[in-house]
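Below: the structure, in structure tokens.
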Amino acid sequence: MLLISLLVFFIGGVLSLLFSRSGRIASIVGAGSAFVASIIGLFPALHSLFSGVSQQLRYPWSMPCGSLSFELDPLSALFLTPLLILTALASVFGAEYLRSWSLKKSLGAPWFFFNMLAFSMIAILLARNAMLFIISWELMTILSFLLVTFEHEKKSVRTAGWIYLVAAHVGVLFIFVVFIMLGMKNGSMDFDKFALPPGSIAAASLIFVFSIIGFGSKAGFVPLHVWLPEAHPAAPSHVSAIMSGIMIKMGIYGILRVFIYLGPPHEWWGWLLIGVGALSAVTGVLFALAQHDLKRLLAYSTVENAGIIMIGMGTGVLGVALKSPLMAAAGFAGALLHVINHSLFKGLLFLCAGSVLHGTGTVEIDKLGGLHKRMPWTSFAFLTGSVSICGLPPFNGFISEFLIYFGAFYSISSMNGAHVFSSSAVIISLALAGGLALACFTKAFGMIFSGEPRSGDNSRFHESSPSMLLPMLALSSLCLIAAFTAPLTVSAFKYMLPQLTGMTFSTSAKALDIIIKPLWHVCFISAGFFLWLFALWLLRKLMPRSEVVEKTVTWDCGYCRPNGRMQYSSSSFAQPLTRFFNFFLRIRTLFKGPRGIFPKDSHYMTETPDIFEKGFFAPIFARIHDFLVLLHRFQNGRVQMYIMYIAAMLLILLIWKLS
Amino acid sequence: MNWYILINIILPFVLAPFLFGVINRTKAFFAGRRGQPLLQLYYDLFKLFRKGSVYSVTTTWIFRIAPFAVFSSIVCVILIMPCGALVSPIGFRGDILLFIYFLAMARFFTVAAALDTGSSFEGMGASREVQFAALTEPAFILCMAALACETHSFSLSTIFSRLSFASWSGEGAVLLLVAVSLMIVLLAENSRVPVDDPNTHLELTMIHEVMVLDYSGPDLGFILYGAALKLWIIGSLVVGVALPVNTGNFFLDRFIFLGGMVLLAVIIGIIESVMARFRFLKIPQVLILASALSILALILQVRF
């Protein structure tokens with residue numbers, strides 16, 4: 001089944017390339033095949049996820065180091081499910097979204113890249129051979145690079161694509177090392193022959209750290225996240241949704257997959273994961289809060305959520321190291337569930353951003369406002385996405401954070417020891433990130449959709465067409481459905497936990513049973529929330545004077561001519577928090593106040609450059625550049641010189657051969 | 001489920017507005033006034049529920065649904081909240097988190113509704129609210145973590161039924177730190193002095209009051225009632241830590257619990273009478289102090 005799905009992705013991609021003459025046909029073929037292929041693939045993925053069945057395929061391969069082997073196991077299926085769901089919905093969205101470019105650009109190539117991107121990501125998840133894995137990984141990187149640079153006529157987009165490509169390849173370097181070290185003992189690159197020489201603790205730790213760096217650069221961990229806030233805003237929105245929702249999860253998948261082969265973990269691995277995760281979560285959301293561009297904001301919030309997943313994994317690893325099945329199960333279950341949840345709500349939010357961009361032509365938060373009245377459905381979808389991403393009940397974001405908290409609270413309450421500190425770190429960072437996320441997303445929602453328009457006339461702003469709205473509303477409802485089906489999903493984790501934690505099947509199933517019980521309670525009370533909401537609404541209708549007495553302007557303190565620009569802006573809303581954290585954020589302010597009796601112009605501008613990019617990577621790359629400039633002397637473009645190099649080389653070879 | 005668990009739900013709904021009366025009476029006593037009747041908030045609510053509402057033309061359905069969303073969240077919290085040592089109707093491991101996150105849900109909608117009016121004043125209040133909340137939330141969860149460590153449980157009902165005066169004599173320092181920290185959380189979450197002054201009538205200096213400036217009629221009623229319930233909810237945690245009576249006599253325990261709640265209201269009234277509101281720049285320091293105290297409470301319990 002999955003092979004058929006892959007085939008449809010491939011054929012659809014090639015066909016859309018062939019039809020690239022006509023943007024319309026290319027879109028229909030490209031998006032249609034992506035949709036159909038995803039739906040076909042969803043059946044085996046869900047089947048494997050919920051029944052724990054693995055399927056294997058193995059062919060001999062002319063390449064050295066192993067065979068062409070694929071496997072669909074529950075862990076792959078877990079990542080495959082959101083991939084296929086999001087690809088299906090994003091393709092429907094994208095077909096309409098890209099139409100405005102159909103006159104200017106050929107759409108065949110983007111659809112070919114889109115389909116092949118899905119194809120390569122599925123191949124990564126199924127690959128059970130390191131060569132195959134790395135080839136698919138490279139394919140994914142290059143295809144997403146080509147999609148990011150869709151609007152390559154803009155300079156900022158080209159820069160973004162360039163940063164992305166460099167960051168990705170630095171990461172791949174470490175992934176190579178990881179696989180070589182794992183495959184060395186048996187001389188095979190097949191995953192099932194991976195093994196470490198017994199007693200090689202240092203090697204396992206080194207591989208673990210390298211896998212965090214290598215895969216972490218894709219997953220967006222601080223400080224390797226610098227490409228995210230550049231690449232996501234540059235890409236077309238449905239591609240950002242895929243990249244942020246799914247592609248960064250490939251990094252998480254890579255870490256988990258490598259972790260399986262490393263044997264029993266050390267305690268400090270968990271501490272490391274929690275530390276990096278906490279740093280990513282808090283830093284990510286702080287930078288998100290300081291952004292003025294919606295898509296950059298969402299990109300930084302992806303860093304935050306990658307951090308939360310990492311914290312969950314850290315709790316899980318620590319649980320394994322401390323031999324506490326309950327803590328291990330809760331941590332890993334939280335991390336894995338957050339993988340699914342994040343892809344749903346982040347995909348949704350990026351599609352909403354696309355819809356805003358489509359309808360208004362900008363994603364500058366301070367230029368928007370009052371959009372709710374022009375785009376009610378986009379607004380509704382964004383609201384559900386915001387509530388979910390803030391981790392608020394009754395939506396899905398809460399459930400996964402709940403599980404991670406559960407692991408931390410369990411370790412604090414039941415097992416006294418040094419790990420009280422790490423668990424407190426988990427709790428503090430999750431709570432702080434949660435509180436800041438609430439600030440960040442009330443700002444994003446409130447400033448874009450509520451109030452009055454900030455740039456005067458908004459009559460030309462329009463709601464998106466149903467084919468863009470339907471995928472968004474589908475994702476909104478999936479956010480809610482995922483919350484209420486979470487106990488079922490979590491109970492399916494019993495098939496992959498033994499692999500990850502080294503526990504027996506019955507231990508992990510028992511641990512999950514304990515965790516699921518409170519989840520049912522959470523679902524029950526969450527359902528109650530909607531019941532009370534409905535009951536109160538009814539009560540309100542029954543009150544003596546339920547009609548609206550009067551409609552008037554907002555209370556303006558007696559000021560008679562308020563206008564839209566006098567509203568609180570996104571920067572003023574975030575200012576107390578960003579000022580408080582300014583020692584870290586280093587916000588740059590450009591301010592020119594009014595001067596003289598007849599002041600002419602005055603302006604105030606703030607921007608938040610990424611300190612890791614400006615303070616860490618930029619100097620390093622500048623040094624490398626300086627060094628490489630020295631080589632200019634050899635590469636100077638004169639043909640004579642090149643001929644001389646060749647002659648000299650041949651001469652050296654000749655002498656070497658003769659002697 | 002025993003029938004007397006229903007008292008958990010009935011008590012807050014009936015008595016929560018009374019706490020406001022006690023606070024106001026205490027403040028009046030210190031100011032040398034006679035003060036409002038103890039039941040003033042009941043009269044206010046009764047009046048508001050009979051009125052109609054005025055809406056701003058800027059607002060949308062978010063503004064209309066927010067009071068209900070806030071109130072529903074609070075009802076959900078009440079369902080999992082123990083009343084002193086009396087277990088809650090629905091208790092499970094980790095209900096602490098649902099408790100705190102439903103309060104955050106209420107905050108989300110209050111803020112969203114405030115921004116929905118497009119008013120600068122309300123934007124200002126909302127901005128302060130999210131700032132202080134982001135710092136209060138870690139303190140709140142850490143308090144609960146310290147209690148979880150103390151009682152070896154992380155379900156609210158179990159935590160509070162395992163606390164007793166014996167735990168005060170054994171781990172008094174821990175409980176004292178948690179109680180002080182929870183008290184700061186209570187003042188911040190309920191917008192009381194020294195974090196916010198509910199009595200000022202200058203929009204620029206308020207937090208919670210300014211966010212609900214545009215509400216009127218029954219909507220305002222729901223918001224005031226919700227605020228009173230929230231004070232009761234967090235107050236009952238403070239009382240549960242500070243006065244952990246568990247004599248086994250049902251009526252005596254409840255009586256002491258209610259006495260504790262009234263005492264808490266008097267203390268809040270005294271704090272409001274003898275202190276001025278802090279400058280907004282100072283408040284984060286107070287909130288971080290609360291986190292620091294609860295971390296200290298955790299560290300005191302670590303056994304290597």
Side-chain angles (χ1 to χ4, degrees), chain A residues 372-373 387 390-393 398 402 405-406 409-410 412-414 416-418 420 424 427-428 431-432 434-436 438-439 442 445-446 450-452 517-518 521-522 525 528-529 532-533 536-537 540 543-545 547-557 566-568 572-573 576-577 580, chain B residues 49-58 60 68-69 71-73 75-76 79-80 90 92-94 97-98 101-102 104-105 107-108 111-112 115-121 123-124 126-128 130-131 133-134 137-138 141-142 145 148-149 152-154 203 213-214 218 284 295 298 302-304:
Chain A
H372 183 93
K373 287 180 186 134
V387 176
C390 290
L392 298 175
F398 174 72
F402 176 85
Y405 272 123
F406 191 95
F409 265 94
Y410 174 76
I412 284 183
S413 66
S414 307
N416 206 326
V420 166
S424 311
I427 290 173
I428 296 174
L432 191 59
L436 291 171
L438 192 135
T442 46
F445 177 76
S450 300
E452 295 287 344
K517 228 172 275 163
H521 284 292
V522 170
I525 296 176
F529 174 82
W532 313 134
L533 201 61
L536 284 169
W537 178 77
R540 179 74 179 83
M543 277 187 180
R545 295 183 64 186
E547 84 281 16
V548 177
V549 177
E550 198 189 338
K551 286 208 134 201
T552 175
V553 293
T554 297
W555 166 239
D556 47 10
C557 217
M566 288 163 58
Q567 292 171 92
Y568 237 48
S572 39
F573 184 78
L577 269 171
F580 185 71
Chain B
F49 283 132
R50 277 182 311 153
K51 291 198 165 219
S53 288
V54 180
Y55 292 106
S56 153
V57 285
T58 311
T60 60
F68 308 142
F71 203 80
S72 307
S73 307
V75 173
C76 289
L79 286 181
I80 49 179
I90 307 173
F92 52 93
R93 280 174 156 198
L97 300 159
L98 197 64
Y101 274 77
F102 258 123
M105 178 72 175
R107 181 175 309 118
F108 184 96
V111 170
L115 294 175
D116 202 31
T117 61
S119 153
S120 278
F121 298 122
M124 211 177 282
S127 157
R128 287 166 186 162
V130 294
Q131 183 199 7
E137 220 161 76
I141 300 190
L142 280 170
C149 193
H152 307 297
S153 150
F154 55 113
E203 294 89 337
L213 212 55
D214 267 272
I295 291 177
L298 259 176
V302 178
R303 309 269 177 276
F304 288 100

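Predicted, not measured: the structure shown is a model, and the values here were computed from it.
A distance of 11.0 Å separates CD of A:Glu550 from OG of B:Ser56, quoted to the nearest 0.5 Å. Of the inter-residue distances, the one linking A:Ile525 atom CD1 with B:Ser73 atom OG reads 12.0 Å to the nearest 0.5 angstrom. Atom OH of B:Tyr55 is separated from atom OG1 of A:Thr552 by 14.0 Å, given to the nearest 0.5 angstrom. Here CD of A:Gln567 is found 13.0 Å from CZ of B:Phe121. Values are rounded to the nearest 0.5 Å. Put simply, CZ on B:Arg128 and CG on A:Leu577 are 12.5 Å apart, with the number rounded to the nearest 0.5 Å.
Residues passing the side-chain contact (heavy atoms from CB on, under 4.5 Å) test with A:Ser572, sequence neighbours excluded: A:Tyr568, A:Ser569. Among residues two or more places apart in sequence or in another chain, the side-chain contact (heavy atoms from CB on, under 4.5 Å) test is passed with A:Val522 by A:Phe398, A:Ile399, A:Phe402, A:Ser526, B:Phe92, B:Leu98.
Looking at B:Leu97, B:Ile295, B:Ile141, B:Leu298 one by one, the single match for side-chain contact (heavy atoms from CB on, under 4.5 Å) with A:Ile427 turns out to be B:Ile141. Here the options are B:Val57, B:Thr58, B:Leu213, the test is side-chain contact (heavy atoms from CB on, under 4.5 Å), and the partner is A:Thr554; only B:Thr58 passes.
In this structure, chain A has a heavy atom under 4.5 Å from the side chain of B:Val111, while its backbone stays farther away. Neither the backbone nor the side chain of A:Lys517 comes within contact range of chain B; no heavy atoms are under 4.5 Å apart. Contacts of B:Leu79 with chain A are made by side-chain atoms alone, with heavy-atom separations under 4.5 Å and no backbone atom involved. With a 4.5 Å cut-off on non-hydrogen atoms, B:Ser153 touches chain A through its backbone but not through its side chain. At a 4.5 Å heavy-atom cutoff, the contact between B:Asp116 and chain A is made by backbone and side-chain atoms alike.
Interface check for chain A: of the options B:Pro138, B:Ser120, B:Pro284, the most heavy-atom pairs under 4.5 Å are formed by B:Ser120. Ranked by heavy-atom pairs shorter than 4.5 Å toward chain B, the options A:Trp537, A:Phe445, A:Tyr410 are led by A:Tyr410. Among the candidates A:Pro393, A:Ala431, A:Gly446, the residue making the largest number of heavy-atom pairs closer than 4.5 Å to chain B is A:Pro393.
Looking only at atom types and distance, the side chain of B:Arg93 has no donor-acceptor partner in the side chain of A:Ser413 under 3.5 Å away.
Shortest non-hydrogen contact noted between A:Gly528 and B:Cys76 is C-SG, 4.4 Å. Heavy atoms only, all atoms of each residue included: A:Phe409 and B:Ala148 are closest at CD2-CB, 4.0 Å. A:Cys390 and B:Tyr101 make their closest contact through O-CE2, 4.4 Å (heavy atoms, listed as atom of the first residue, atom of the second, distance). Nearest heavy-atom pair across B:Phe68 and A:Leu536 is O-CD1, 3.5 Å.
With contacts defined as side-chain heavy-atom distances shorter than 4.5 Å, the pair A:Met543/B:Ser53 does not qualify.
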